[in-house]
Participant: 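Please see the structure below; I have some questions.
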2 protein chains.
Amino acid sequence: MKIELGWLLMATSTVENYLKAVLRQEEATGSTTVGEVAKELAVTPGTVTTMMKHLDEEKLVDYQPRKSLSLTLEGRSAALKVVRRHRLIELFLVQIMGLDWSEVHEEAEILEHVISDRLLDRIDVMLGEPTHDPHGDPIPDRDGNLAQVEATPLDEAEGGNYRIVRVSDDDSDLLGWLDENGLTIGEEFALAHPNRAAGVLEISRSTGAKVQLGVQAAGQVFVEAISA
Amino acid sequence: MKIELGWLLMATSTVENYLKAVLRQEEATGSTTVGEVAKELAVTPGTVTTMMKHLDEEKLVDYQPRKSLSLTLEGRSAALKVVRRHRLIELFLVQIMGLDWSEVHEEAEILEHVISDRLLDRIDVMLGEPTHDPHGDPIPDRDGNLAQVEATPLDEAEGGNYRIVRVSDDDSDLLGWLDENGLTIGEEFALAHPNRAAGVLEISRSTGAKVQLGVQAAGQVFVEAISA
DNA sequence: AACAATATCTTGATCAGTCAAGATAAAATG
DNA sequence: CATTTTATCTTGACTGATCAAGATATTGTT
């Protein structure tokens, strides 16, 4: 007879990645499933099943096979800590180290799991306890409070004047392209007649420059309406 | 019948640590053995045997079971890259991030394996392509050239005037203590009559302060004689 | 040289994380 | 509701890194 010892070891970076994935999807859609997590982590569903059983034991998620899957308070808090690390690191890499906003995501994805609390603290202080990362994502505070960024995906916006408040951070090519076209956080522009049939949006910047971008890309850019 | 496929995957951080260990011992004593490596990495000899067979296949070490063990040129170069990373990171953590020289070793031990070449480059430039880390260890240059630091272990020094040029970086407590007593890199002092029987050395700093330290600790501090 | 001590090597096992592929349950469709 | 599709779960296997413990070689001693 085999005795199930369960897990004795600590939350490795693997665990942190699972928690992050669940959090991300809960934030995006209000809930998640084994399949979604598997897709996000590029792993088979069976692997996620196994992992969720472990995380349930550790009380990091609440997992009822085939029924429901969600973070516990503890799990959410752990996930938010990782997100905080990730975003502080991204901002650090851009502001202090002078890296480009299109290349910091990968690096932060690794560093978020290994940097000491002490170093993270230095970073936080050095940056002046910032509230948003280079892509406009809010940085959870020390207590795990996460500000909401309310913004419209550009592909759903009507014609009018807007300011860019956030851009999805995981498409490095898009970020590079946006940068080349002056479309960074805080940039303001006018959106012309949304001709959805063509799948192309046209933007006019204050410099007069016009930029076209596809709905696909526009879906990654989040804006808020401005009066001017 | 089982076909031996060998290793298909890349040099993980584990491999880097083995290479570093071999390098360190070759530098310290001119050669190394399975047992020494095992001791340094806190691993059983059998584990080292297995690893060395793999590294031999990868042409990173030259391993003749029970006969000899040494780095190949390629292995040495790989090891020096890791050392370069380690020392640049240590200096970065002290100079830019304001961490204490007694607490950067652990952090660098992890970061050395995960930081991108790009980020390392920024660090190198930001620090002005430095030649020595906070503990006085030389930083290998981009091409893997490693300057020699010639210095005497303090426990072998005669009475006279000396300057501290290097301190072993792996004893955090000692580093903390040295710092508290003003004994940092570049500090000059007079060493009094080495009374070896008692196992204690006495140092007089320019401030007039006298400090005693044991031979054990003194062995970790490396000095060069000065005229004054 | 013969024996003891030490260093090294081999073998079988374990652990975390994963996949493949088949089993099962739930949801959607007619 | 019966059937098909889809989602999920289970099982057995594999990989890299490791250890324990026994086997073997090398070295040192008398």
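Sequence lines set the chain letters: A, B, ... in the order given, protein chains first and strands last, and positions in each chain run from 1.
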Participant: Between A:Arg118 and B:Glu106, is there a side-chain N and carboxylate O pair less than 4.0 Å apart?
Facilitator: no
Participant: Mind running a 4.0 Å heavy-atom check of residues 25-45 of chain B against DNA chain C and sending the residues that fall below it, in number order?
Facilitator: B:Thr33, B:Val34, B:Gly35
Participant: Between B:Lys53 (NZ) and D:dA17 (C1'), how many Å, whole number?
Facilitator: 14 Å
Participant: Can you measure A:Asp56 atom CG to D:dC9 atom P for me and round it to whole angstrom units?
Facilitator: 12 Å
Participant: Taking side-chain contact (heavy atoms from CB on, under 4.5 Å) as the test, write out the residues that go with B:Pro65, two or more places apart.
Facilitator: B:Tyr63
Participant: Find the distance B:Glu57:CD to D:dG16:P and express it as a whole number of Å.
Facilitator: 12 Å
Participant: Ignoring hydrogens and angles, tell me if any N or O in the side chain of B:Thr72 forms a donor-acceptor pair with the backbone of B:Lys59 under 3.5 Å.
Facilitator: yes
Participant: Just distance, no hydrogens or angles: give the donor-acceptor pairs under 3.5 Å from side chains in residues 76-92 of chain A, sequence neighbours left out.
Facilitator:
from	atom 1	to	atom 2	distance (Å)
A:Arg76	NH1	A:Glu27	OE2	3.0
A:Arg84	NH1	A:Pro140	O	3.0
A:Arg84	NH2	A:Asp124	OD2	3.0
A:Arg85	NH1	A:Glu112	O	3.3
A:Arg85	NH1	A:Ile115	O	2.7
A:Arg85	NH2	A:Ile115	O	3.2
A:Arg85	NH2	A:Asp117	OD1	2.6
A:His86	ND1	A:Glu112	OE1	2.7
A:His86	NE2	A:Glu90	OE2	2.9
A:His86	NE2	A:His105	ND1	3.2
A:Arg87	NH1	A:Pro138	O	2.7
A:Glu90	OE1	A:His135	ND1	2.9
A:Glu90	OE2	A:His105	ND1	3.3

Participant: Can you tell me how far C1' of D:dT18 sits from CE of B:Met51, to the nearest Å?
Facilitator: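 The distance from CE of B:Met51 to C1' of D:dT18 comes to 11 Å, rounded to the nearest Å.
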Participant: Could you tell me how far apart B:Met52 (CE) and D:dA17 (P) are, to the nearest whole angstrom?
Facilitator: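 Computing the B:Met52:CE to D:dA17:P distance gives 12 Å.
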Participant: OP1, OP2 of C:dC19 versus side-chain N and O of A:Thr47: anything below 4.0 Å?
Facilitator: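 The answer is yes; a side-chain N or O of A:Thr47 sits under 4.0 Å from OP1 or OP2.
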Participant: Using the salt bridge (charged side-chain N to carboxylate O under 4.0 Å, His left out) rule, collect all pairs that involve residues 37-52 of chain B, keeping only residues at least two apart or in two chains.
Facilitator: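 Output for this query lists B:Arg24-B:Glu40, B:Glu36-B:Lys39.
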Participant: Can you sort out the partners of B:Val94 under side-chain contact (heavy atoms from CB on, under 4.5 Å), two or more places apart, ordered by chain and number?
Facilitator: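 B:Trp101, B:Val104, B:Pro134.
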Participant: In chain order, what residues pass the side-chain contact (heavy atoms from CB on, under 4.5 Å) check against A:Val114, with sequence neighbours excluded?
Facilitator: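 Testing A:Val114 for side-chain contact (heavy atoms from CB on, under 4.5 Å), a comparison that skips the adjacent residues, returns A:Leu111, B:Ile110, B:Leu111, B:Val114.
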Participant: Without decimals, in angstroms, what is the distance between A:His113 NE2 and C:dA16 C1'?
Facilitator: 16 Å
Participant: Sequence neighbours left out, what passes side-chain contact (heavy atoms from CB on, under 4.5 Å) with B:Ser68? Give chain and number order.
Facilitator: B:Gln64
Participant: Going by side-chain hydrogen bond (donor to acceptor under 3.5 Å, both in side chains), name the residues that satisfy it together with B:Glu224, two or more places apart in sequence or in a different chain.
Facilitator: B:Arg163
Participant: Expressed in angstrom and rounded to an integer, what is the separation of A:His54 atom NE2 from D:dT10 atom P?
Facilitator: 12 Å
Participant: Tabulated below should be each protein N or O lying under 3.5 Å from an N or O of nucleotides 2-5 of chain D; please produce it.
Facilitator:
none

Participant: At a cut-off of 3.5 Å, list every protein nitrogen or oxygen paired with a nitrogen or oxygen from nucleotides 21-29 of chain D, distance to 0.1 Å.
Facilitator:
from	atom 1	to	atom 2	distance (Å)
D:dT24	O2	B:Arg66	NH2	2.6

Participant: Using the side-chain heavy atoms of A:Thr12, tell me which of these nucleotides is nearest: C:dG17, C:dT10, D:dA17.
Facilitator: C:dG17
Participant: Does a side-chain N or O from B:Tyr63 land closer than 4.0 Å to OP1 or OP2 of C:dT8, or not?
Facilitator: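 Indeed not, no polar side-chain atom of B:Tyr63 lies that close.
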Participant: Pairs in or reaching into residues 23-42 of chain A: which pass ring-ring contact (aromatic ring centres under 6.0 Å, His included), with residues at least two apart or in two chains?
Facilitator: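 Found none.
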Participant: Return each pair, listed once, that meets ring-ring contact (aromatic ring centres under 6.0 Å, His included) where at least one residue sits in residues 18-45 of chain A; pairs must be two or more places apart or across chains.
Facilitator: none
